Amino acid sequence: MTRLKKKAWHELSVVFGIIVFISIPAILHLSNQNAQGWGWLVVCTIISGPMILGGYLSDVRNLKHYDEREQIILRKSFSIWSGVFSLYLLIFSFASFFLIGGGKTVPVVWMPVMVLTGIVLAQCAQSVVILTQCAKEDDE
Amino acid sequence: MNRIQKQSWIIVASVGAAFVVSCGIVVYLALTAGFPAAWKGFIFTCAGGLGYFASLLVKKDKPAIVDERDLAIRSLAKTNAIRGAFIFLVLFAMAVFLYQKPGSLIRVNVLPVSICLAAIVSGLFESLTYIIEYGKDSKAMKGEPA
């Protein structure tokens, strides 16, 4: 397994796992419990950790460790990540606005859940792009 | 100063001015109507987006030569723009979530407004990267340490 494949699987499992199995259930559970205070703040900080981690794992800062071919794949995957993330947020927010109606209200939990699900989707798309590209090259 | 630098300065100036004006409006609303109604004043930051249209009016450079360095700066600017918007969105989402009581309701128009604000922040980060990176280059050309 190449470094790039390992990176893709690692990111997919870590970010996806933390967000799907910890962050979203924790937010929904705490929201139902109507939790408040410093404990809530600490939990929110822990929950937002993977979100920021997800963004930084997806960036293109440490490209020096990779060869030219891998750098191109990583750049392409990062642009896919940002494209999917922004498109999802645009569709989610404007669809909610037009379907529900401007004057109506939604639960406040929608805000972080919107961003979290966007990250999950974008992370999946990025890892799939890397794995597909690697598989293509293996075939060749 | 090339076209991108001029456009960047226009965007930074317009977003900066819109932000200062919206802060003034928030202070005014806080004194007259109080919070949370005063938070609506920050919506005026969206007026900073007009800078993007103004930046289109800047004339194109006559010898439009794009070298390796320009491409590297452009790539860095795009990355920083996405990173800036992402961090803003995460912090904004968590701030709204913490500010409101959990289980409470928000107006649905907060969602598209947050996306518009994130787009403006992304433009601001991109412009700042252009200004800083081209500024470094002009220093290096004069022989100063970049």
Side-chain angles (χ1 to χ4, degrees), chain A residues 27-28 30-37 40-41 43-45 47-56 58-61 63 75 78-79 81-83 85-86 88-116 118-119 122, chain B residues 35-37 39-40 42-43 46 49 52 68 71-126 129 132-133:
Chain A
I27 282 187
L28 295 175
L30 289 170
S31 190
N32 284 338
Q33 296 290 316
N34 211 12
Q36 286 177 42
W40 182 234
L41 187 66
V43 169
C44 281
T45 312
I47 289 168
S48 62
M51 295 156 77
I52 295 167
L53 182 76
Y56 272 92
S58 310
D59 71 12
V60 284
R61 284 177 304 170
L63 288 180
R75 282 210 186 90
F78 180 69
S79 64
W81 183 92
S82 52
F85 185 63
S86 9
Y88 170 78
L89 291 183
L90 271 176
I91 292 171
F92 186 98
S93 58
F94 283 94
S96 320
F97 181 73
F98 287 116
L99 292 175
I100 296 170
K104 303 277 173 60
T105 52
V106 290
V108 70
V109 75
W110 277 38
M111 276 295 288
V113 169
M114 175 180 80
V115 180
L116 281 166
I119 293 167
Chain B
F35 287 103
W39 291 122
K40 286 177 187 168
F42 277 120
I43 291 170
C46 291
Y52 294 101
E68 194 104 348
L71 291 177
I73 291 175
R74 197 178 292 175
S75 164
L76 182 70
K78 298 283 177 205
T79 309
N80 282 350
I82 291 161
R83 202 180 292 164
F86 173 74
I87 297 294
F88 168 80
L89 211 56
V90 169
L91 294 178
F92 186 78
M94 296 317 286
V96 169
F97 192 45
L98 285 173
Y99 181 72
Q100 298 284 336
K101 283 177 184 168
S104 64
L105 300 169
I106 51 168
R107 279 185 176 275
V108 71
N109 53 19
V110 173
L111 302 177
V113 165
S114 67
I115 304 300
C116 293
L117 286 175
I120 288 170
V121 169
S122 109
L124 184 67
F125 269 73
E126 191 179 349
T129 308
I132 292 167
E133 290 300 317

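Within every chain, numbering begins at 1; the chains are lettered A, B, ... in the order of the sequence lines, protein sequences first and strands thereafter. Keep in mind the model is a prediction, meaning the values are calculated, not measured.
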Handout entry: Gap between atom CG of B:Leu111 and atom CG of A:Leu90 - 0.5 Å precision
Key = 12.0 Å
Practice task
Kindly compute the distance separating CZ (A:Phe78) from OG1 (B:Thr79), expressed to the nearest 0.5 Å.
Solution key: 5.0 Å
Handout entry: Heavy-atom neighbours of B:Phe88 CZ exceed 12 at 6.0 Å
Key = yes
Exercise for the section: Determine the minimum heavy-atom distance between B:Ser114 and A:Met114, stating which atoms define it. Expected result: OG-CE, 4.3 Å
Problem - Point-to-point distance, once rounded to the nearest 0.5 Å, from CZ of A:Phe85 to CD1 of B:Ile82 - result: 10.5 Å
Problem - Part of A:Ile100 lying under 4.5 Å from any heavy atom of chain B - result: side chain
Completion exercise
Minimal heavy-atom distance between A:Phe97 and B:Asn109, with the atoms involved, is CE1-CB, 3.6 Å
Completion exercise
Under 4.5 Å to a heavy atom of chain A? For B:Ser122 that would be neither
Completion exercise
Rounded to the nearest 0.5 angstrom, the CD1-OG distance for B:Ile115 and A:Ser86 is 9.0 Å
Exercise for the section: Of all the heavy-atom pairs spanning A:Ser93 and B:Pro112, show the shortest one and how long it is. Expected result: CB-N, 3.7 Å
